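Remarks on the structure that follows.
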There are 2 protein chains.
Amino acid sequence: MKTLKIPEATIIRLSVYSRHLTDVDRKGIITTSSGDIAEGVGVSPAQVRKDLAYFGEFGTRGVGYNVKDLRQHILRILGLSVDWSVALVGAGHLGLALSSYKGFRERGFIITSIFDSDPDKIGTKIGDVEILPIDQIEEVTRQNQTQIGIIAVPSSVAQEIADKLIKAGVQAILNFAPVVLNVPPEIELRNVDLAVNLEVLTFNVGAQRF
Amino acid sequence: MKTLKIPEATIIRLSVYSRHLTDVDRKGIITTSSGDIAEGVGVSPAQVRKDLAYFGEFGTRGVGYNVKDLRQHILRILGLSVDWSVALVGAGHLGLALSSYKGFRERGFIITSIFDSDPDKIGTKIGDVEILPIDQIEEVTRQNQTQIGIIAVPSSVAQEIADKLIKAGVQAILNFAPVVLNVPPEIELRNVDLAVNLEVLTFNVGAQRF
DNA sequence: ATAGTTATGTTAATTATATCACTATTAACT
DNA sequence: AGTTAATAGTGATATAATTAACATAACTAT
């Protein structure tokens with residue numbers, strides 16, 4: 001249980017590598033190299049090797065990497081060798097988009113419950129998952145042993161939902177509300193702020209000013 | 001036109017600061033400090049001051065920052081003192097979620113055109129914007145002088161759409177397709193990969209292994 | 001066998017980013 | 001007016017991440 005510090009950027013790249021390797025594998029290619037991967041995803045070969053080196057030796061010198069093997073190794077590293085139960089809170093446009101997003105299920109993220117406060121939505125289904133009222137979050141999430149919560153509700157209620165999810169025992173939260181959430185340190189939290197992404201773009205478009 | 005290199009992390013934080021300042025301003029608070037801001041958004045006071053120092057001096061020593069002033073300065077820095085015309089390509093669940101996302105308009109991002117390939121969708125409206133066919137991207141985007149394109153289409157066609165948007169003269173692209181896009185260096189590109197975000201979480205949940 | 005080639009794994013150097021500690025400035029109060 | 005408290009701005013330091021360089025291992029061909 002050595003706590004070697006691994007950069008988050010490395011984790012993000014590993015995720016991208018694994019997706020790239022899935023594509024390469026589908027083309028029937030058996031062997032690849034740090035150079036190939038680097039070219040495929042737009043980083044340097046040294047970066048690819050360094051990222052992998054945090055976790056072990058997966059290649060053969062002079063030869064390269066076996067595509068299937070390396071892919072499996074990375075998926076294992078990312079914790080994707082098992083399925084994850086996900087609770088989605090908020091069945092608005094964004095919630096609907098997330099629940100129908102193929103990429104989640106492909107990677108082993110199964111949305112096992114959906115919650116909303118709108119009485120008109122409660123009882124209806126998205127796919128084969130029934131929309132439940134907010135006050136059932138704790139009971140249902142605990143019962144399903146759900147580890148991950150996705151917050152897709154308005155900012156005004158996001159903290160309240162986060163508290164409920166944590167009380168229900170989730171270990172990680174993906175938050176789409178543009179607000180700073182307060183969570184205990186043992187809870188993994190990531191924020192996806194859609195407007196921020198556009199703002200980085202507009203800054204860069206005008207960045208010759210600085 | 002000095003090209004002082006500014007960390008992307010700084011830009012992201014500035015965006016968060018400005019949103020925080022909007023909240024603080026709404027509460028009627030006139031003056032704030034690096035310490036207040038730091039506490040409000042979860043970073044260190046030194047970080048706040050360092051981030052601002054890239055762009056000038058906005059505060060008064062011993063006193064702090066005027067909330068409205070600082071907010072305006074940051075918005076100006078981020079390029080948000082003017083509106084931006086945005087073209088949205090893909091009117092699926094995600095496209096619908098993005099087009100109805102309040103946060104965009106609030107920050108000056110106006111979706112001026114929406115495109116999709118589905119004949120059933122073409123001609124219908126989202127809000128007051130009509131969905132147009134893909135082959136009108138170039139003409140309409142150029143006419144509107146649209147600077148930003150959002151790609152919310154399947155991975156298989158994302159590169160093709162990117163090419164069209166670039167040909168139409170957009171300067172920046174926000175890509176939601178989980179694929180590595182190839183764009184010329186003068187085009188600003190950001191990728192939002194929803195699955196990657198969950199994978200960073202699952203890695204961290206199991207990270208005691210390393 | 002052996003030399004040559006290729007590509008990994010790893011150490012070292014460089015670059016980038018964040019933190020810290022100090023200085024300067026302002027306002028308030030006595 | 002002088003003193004104290006508060007807080008921005010900044011240069012120095014520490015930490016982190018990326019890039020480059022290199023030594024090692026495996027394969028190929030003669």
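Sequence lines set the chain letters: A, B, ... in the order given, protein chains first and strands last, and positions in each chain run from 1. Because the structure is predicted, anything quoted here is derived from the model rather than measured.
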Closest non-hydrogen atom pair, [X] against [Y]:
X        : Y        : result
A/Tyr101 : B/Pro178 : OH-CG, 3.7 Å
B/Leu174 : B/Val192 : CD1-CG2, 3.8 Å
A/Thr202 : A/Glu199 : OG1-O, 3.0 Å

Does a sphere of radius 6.0 Å around CD in B/Glu39 hold more than 12 heavy atoms from other residues, nucleotides or ligands, not counting ones at 6.0 Å or beyond?
no
I'd like to know whether CD of B/Glu186 has more than 12 heavy-atom contacts from other residues, nucleotides or ligands below 6.0 angstrom.
yes
Mind checking if A/Ser34 touches a base, just sugar-phosphate, or nothing, with heavy atoms under 4.0 Å?
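A/Ser34: backbone/sugar contact only, no base atoms under 4.0 Å.
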Using whole Å, what does the distance between atom [atom2] of nucleotide [N] and atom [atom1] of [X] come to?
X       : N      : atom1 : atom2 : value
A/Asp51 : D/dT18 : CG    : P     : 7 Å
B/Leu14 : C/dA18 : CG    : P     : 12 Å
A/Phe58 : C/dA7  : CZ    : P     : 20 Å
B/Lys5  : C/dA18 : NZ    : P     : 10 Å
B/Asp69 : D/dA8  : CG    : P     : 14 Å
A/Lys50 : C/dA16 : NZ    : P     : 17 Å
B/Glu8  : D/dA17 : CD    : C1'   : 15 Å
B/Asn66 : D/dT7  : CG    : C1'   : 15 Å

Closest to the side chain of B/Ser33, out of C/dT10, C/dT8, D/dT7, is D/dT7
Given D/dT19, D/dT18, C/dA21, which nucleotide is nearest the side-chain atoms of B/Arg49?
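Of the candidates, C/dA21 comes closest.
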Starting at [atom1] of [X], measure out to [atom2] of [Y] and round the result to the nearest 0.5 Å.
X        : Y        : atom1 : atom2 : result
B/Ile161 : B/Ile151 : CD1   : CD1   : 7.0 Å
A/Asn175 : B/Asn197 : CG    : CG    : 11.0 Å
B/Leu132 : B/Ile134 : CG    : CD1   : 9.5 Å

Check nucleotides 23-25 of chain D against the protein and report each pair of N or O atoms closer than 3.5 Å, with its distance, or say if there are none.
| from | atom 1 | to | atom 2 | distance (Å) |
| --- | --- | --- | --- | --- |
| D/dT24 | O4' | A/Arg61 | NH1 | 3.4 |
| D/dT24 | O2 | A/Arg61 | NH1 | 3.1 |

Hey, which sits more toward the 5' end of DNA chain D by its nearest nucleotide, B/Thr32 or A/Arg13?
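Result of the comparison: B/Thr32.
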Looking at [N], I'd like to know if its phosphate oxygens (OP1 or OP2) sit under 4.0 Å from a side-chain N or O belonging to [X].
X       : N      : value
B/Tyr54 : C/dT17 : no
B/Tyr65 : C/dT26 : no
A/Gln47 : D/dA17 : no

Students often mix this up, so state it plainly: with edges at 30° and 60°, are the rings of A/Phe109 and A/Trp84 parallel, tilted or perpendicular?
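Correct class here is tilted.
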Quick one: which of B/Val16, B/Ile12, B/Thr10 gives a side chain to side chain contact (heavy atoms under 4.5 Å, CB included) with B/Leu14?
B/Thr10
Five-pair end axes of the helix from C/dA1-D/dT30 to C/dT30-D/dA1, angle between them (10°):
0°
